[in-house]
Amino acid sequence: MFEVLLTDMVLLTLAAILAIAVISVRNLLSATMLAGLYSLLMAMIWQNMNAVDVAFTEAAVGAGISTVLLLGTLSHTGRRTKQRPAVNWGALLLVGITGGILIYGTLDMPRIGDPNAPIHTGRVVQQLAQRVGKVDANGVHTPWEYNSMANQGEHFEEAQAGEHPHPEDDFAGHSPNTVTSLLASYRGYDTMYETAVIFTAGMALVLLLRRREEGADELLHDAKKGRDVA
Amino acid sequence: MKDQVVLRIITKLLVPFMLVFGMYVIAHGELGPGGGFQGGVILAAGFILYGLVWGKEDLHRFLPRSLTDLLAAGGVLLYAGVGVATMLMGGRFLDYAVFNPSHPGDGEALGMLLVEYGVGITVCTVMVTIYDMISEPEDLV
């Protein structure tokens, strides 16, 4: 436990230093590189918290792809920011107030690892225990029916016993990965529309930029032709 | 970067492993950590690395724009298609259990896997497309 805490403290301190460096560096190329490093540090912090999913995403998107995309954008724009006053007092005040409110909000949260926290006692536990889907061999069709059975007590055991129709079925009717079962089953609609949003973003970019690029190709072609003619 | 021998060789060695790892993350998504989004991004990172070092023409040779456009739409279509298929088979939208009524857990695993493939394909191709659009066209440099 102590090692985890120590690692977290070191990593978070480094992350804070990097964050300050990102906003204080004038050269945008350096800022991009520092932001990539910051993402890499954050990935290590997520890993340290056992949030492997988030660590994956942070390392691949934050440190990898977004750095490449920022570099691509930088090649189209300049590499240096405009000179601005060092401290914008209004913005600092706003950030301070927002940060203060957020820290005040965390005071209501349970201590990390507290066994009496709602996540370990409330209906989340029942939801983790139940089947992800909606159809069950015992005539339990919906999660809320299952929950009501769980509340009644004795039938709950029967329902759970009925959940192992196959001895080699190690995940007993639902995905053992909570994140995936939530994203793909409970919230399948959400994930579908998120995918649609990504698709729409890509297509919007294609419509906006590819046409311009093709136009540029034509321009280049015309220029070459003109040069040949000349 | 075509004259950088070390970069080119290392990239060529590295990219297959990145692609296989991305596939693994997608295919294993319903059992372990990861899933369509993460796997798709790792796949895209492999393609983008290749494109960065070997140039966009080489990337387009085995991942042409027509293919990325088609796959980006196909991934979303696969996801929605799974939902429609479950409806046609008598369940609700994205009610994967109808794929295998005698053993709903397997049906769910199958449905989730197909859905993860859909997400992975779309995310990967859209990321490659964004890189393709934002990076500098080489003949204009």
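Order of the sequence lines sets the chain letters (A, B, ...), proteins ahead of strands, with each chain counted from 1.
- Only the side chain of A/I65 has a heavy atom closer than 4.5 Å to any heavy atom of chain B.
- In terms of heavy-atom pairs under 4.5 Å with chain B, the best-connected choice from A/V54, A/V52, A/L69 is A/L69.
- Tested against B/T122 for a side chain to side chain contact (heavy atoms under 4.5 Å, CB included), the candidates B/V76, B/L78, B/L71 yield a single pass: B/V76.
- Looking at A/V68, only its side chain comes within 4.5 Å of chain B, counting heavy atoms on both sides.
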Derivation of the side-chain contact (heavy atoms from CB on, under 4.5 Å) call for A/T191 and B/V115 = CA-CA 9 Å; A/T191 312; B/V115 160; 5.5 Å; no
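- Proximity to chain A (any heavy atom under 4.5 Å) is shown, for B/I130, by both the backbone and the side chain.
- Residues B/L19 and B/F47 have side chains in contact (heavy-atom distance under 4.5 Å, counting atoms from C-beta outward).
- Counting all heavy atoms, side chain and backbone alike, B/V126 lies closest to A/G202 at CG1-CA, 3.7 Å.
- Only the side chain of B/V25 comes within contact range of chain A, with at least one heavy atom under 4.5 Å from a heavy atom of that chain.
- Highest contact tally toward chain A, considering only B/L49, B/D69, B/I48, is held by B/D69 [criterion: heavy-atom pairs under 4.5 Å].
- Within 6.0 Å of atom CE in A/M192, more than 12 heavy atoms from other residues, nucleotides or ligands are found, so the atom counts as buried in its surroundings.
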